[in-house]
Amino acid sequence: RGPGPTARAVGSRRFGPRPGAPHLGSARFGYRVRGRDVRVARCSMPAPARSATDVSPLAIVVALVAVNLAGKAGDAFAALLVESRPLTLLALNANDAHMALTAGHTPFAPYVIVSLLRRLLEDPLYYHLGATRFASAVRVLDRTSPGILRKIEASKPWFERFSVLAVLLEPGAVVCLLAGWSKMRAATFWSVNVFGTLARVLLVRRIGVRVAEWSAFAKASKFAKANRRVIAVAGFAIATAAAVSVLRGLKKAYAAENARSSRKHLRRSRESFR
């Protein structure tokens with residue numbers, strides 16, 4: 001016996017997509033076999049399984065955006081919190097300015113612990129993204145914080161030579177992403193990062209305590225207390241505008257990553273079917 005009708009149809013040049021039929025990635029598609037239309041009601045081919053490396057970076061980016069928004073809130077209410085609730089301000093945003101302003105009237109141990117933990121909070125997330133999903137993370141972060149891509153491209157040539165020094169002195173978003181991208185050992189990253197951050201916290205506290213004794217600082221502090229409501233309103237407006245910009249960028253990044261993931265899944269489905 002010769003080959004069956006199905007095999008003959010497959011080997012025929014007349015086997016191909018039926019004109020006007022949906023594409024192979026849709027639920028319904030058809031073929032023209034020996035002049036006759038054959039329609040498949042539903043594609044039974046399972047979707048390709050996603051591996052661990054296919055995890056979208058959006059979940060981690062959302063966490064980073066939440067931390068970023070907390071920092072914006074700290075900037076907005078800094079004038080109200082700097083004297084009455086310094087540890088709350090440091091928990092929201094422990095930047096150099098806030099640490100210096102709160103150093104003179106905050107107990108040593110709580111000051112160091114809160115500042116250190118807050119400054120280290122984002123670093124492992126950036127490091128993980130750099131090590132696992134560098135390209136996707138940079139795309140998303142560049143939409144939420146424009147300029148990240150340009151900084152990373154400018155920093156790549158020299159980072160591998162001075163990676164340890166960069167993590168020691170300035171373990172920010174760009175440096176931590178590049179540390180993961182360059183496959184720096186996690187033990188090296190953590191030890192250098194914690195040591196450098198702790199040294200910076202202690203240095204800023206020492207400077208802040210000294211500055212608090214200056215007469216010019218006392219005058220500036222008095223002026224800020226007298227006008228703290230105006231300063232708070234202005235800071236809130238600026239922080240709100242920055243937060244709205246970040247959220248809009250996150251929304252665009254989410255839509256772009258969804259579209260990219262859909263195209264990638266469709267391409268894999270077509271390749272698997274063939």
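Residue indices begin at 1 and follow the sequence shown. Predicted model, so just to flag it, every value in this text is computed and none were measured.
Partners of D123 under the side chain to side chain contact (heavy atoms under 4.5 Å, CB included) rule, at least two apart in sequence or in another chain, are L120, P171, C176, F189, N193. Residues passing the ring pair (Phe, Tyr, Trp, His ring centres under 6.0 Å) test with Y111, sequence neighbours excluded: none.
No side-chain heavy atom of V174 sits under 4.5 Å from any side-chain heavy atom of Y126. Under the 4.5 Å side-chain criterion, counting only non-hydrogen atoms from C-beta, V192 is not in contact with M184.
Taking hydrophobic clusters as Ile, Leu, Val, Met, Phe, Trp and Tyr residues chained together by side-chain heavy-atom distances below 4.5 Å, L69 does not share a cluster with L121. Taken together through direct or relayed side-chain contacts under 4.5 Å among Ile, Leu, Val, Met, Phe, Trp and Tyr, L202 and L87 form part of one hydrophobic cluster. L116 and V209 fall into different hydrophobic clusters, where Ile, Leu, Val, Met, Phe, Trp and Tyr side chains are chained together by heavy-atom contacts under 4.5 Å. F162 and V175 fall within a single hydrophobic cluster, where Ile, Leu, Val, Met, Phe, Trp and Tyr side chains are chained together by heavy-atom contacts under 4.5 Å. No chain of hydrophobic side-chain contacts below 4.5 Å, direct or via other Ile, Leu, Val, Met, Phe, Trp or Tyr residues, connects V233 to F77.
Residues in residues 79-92 take part in no salt bridge (Lys or Arg N to Asp or Glu O under 4.0 Å) pair, two or more places apart or across chains.
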In a table with atom names and distances, give each donor-acceptor pair under 3.5 Å that connects a side chain of residues 147-159 to protein atoms at least two apart or in another chain.
residue : atom : partner : partner atom : Å
S155    : OG   : K151    : O            : 2.7

Atom pairs and distances, side-chain donor-acceptor, residues 90-108, under 3.5 Å, sequence neighbours left out:
residue : atom : partner : partner atom : Å
N93     : OD1  : N95     : N            : 3.3
N93     : ND2  : G71     : O            : 3.3
N93     : ND2  : D75     : OD1          : 3.0
N95     : OD1  : A97     : N            : 3.4
N95     : OD1  : H98     : N            : 2.8
N95     : OD1  : H98     : ND1          : 3.3
D96     : OD1  : R119    : NH1          : 3.2
D96     : OD1  : R200    : NE           : 3.4
D96     : OD2  : R200    : NH2          : 2.6
H98     : ND1  : N93     : O            : 2.8
T102    : OG1  : H98     : O            : 2.8
T102    : OG1  : M99     : O            : 3.4
H105    : NE2  : V82     : O            : 2.6
T106    : OG1  : T102    : O            : 2.5

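Hydrophobic clustering, defined by side-chain heavy atoms of Ile, Leu, Val, Met, Phe, Trp and Tyr closer than 4.5 Å, leaves V244 isolated from every other such residue.
A distance-only check finds no donor-acceptor pair linking the side chain of S115 to the backbone of V112 [under 3.5 Å].
Taking every heavy atom of both residues into account, A63 and L125 meet most closely at CB-CD1, 4.3 Å. For the pair L64 and L129, the tightest heavy-atom approach, listed with the atom from each and the gap, is CD1-CD1, 3.9 Å. Shown here for A186 and Y127, the closest heavy-atom pair between the two residues is N-OH, 3.4 Å.
Note that the OG1 atom of T197 and the CD atom of E170 stand 9.5 Å from one another [nearest 0.5 Å].
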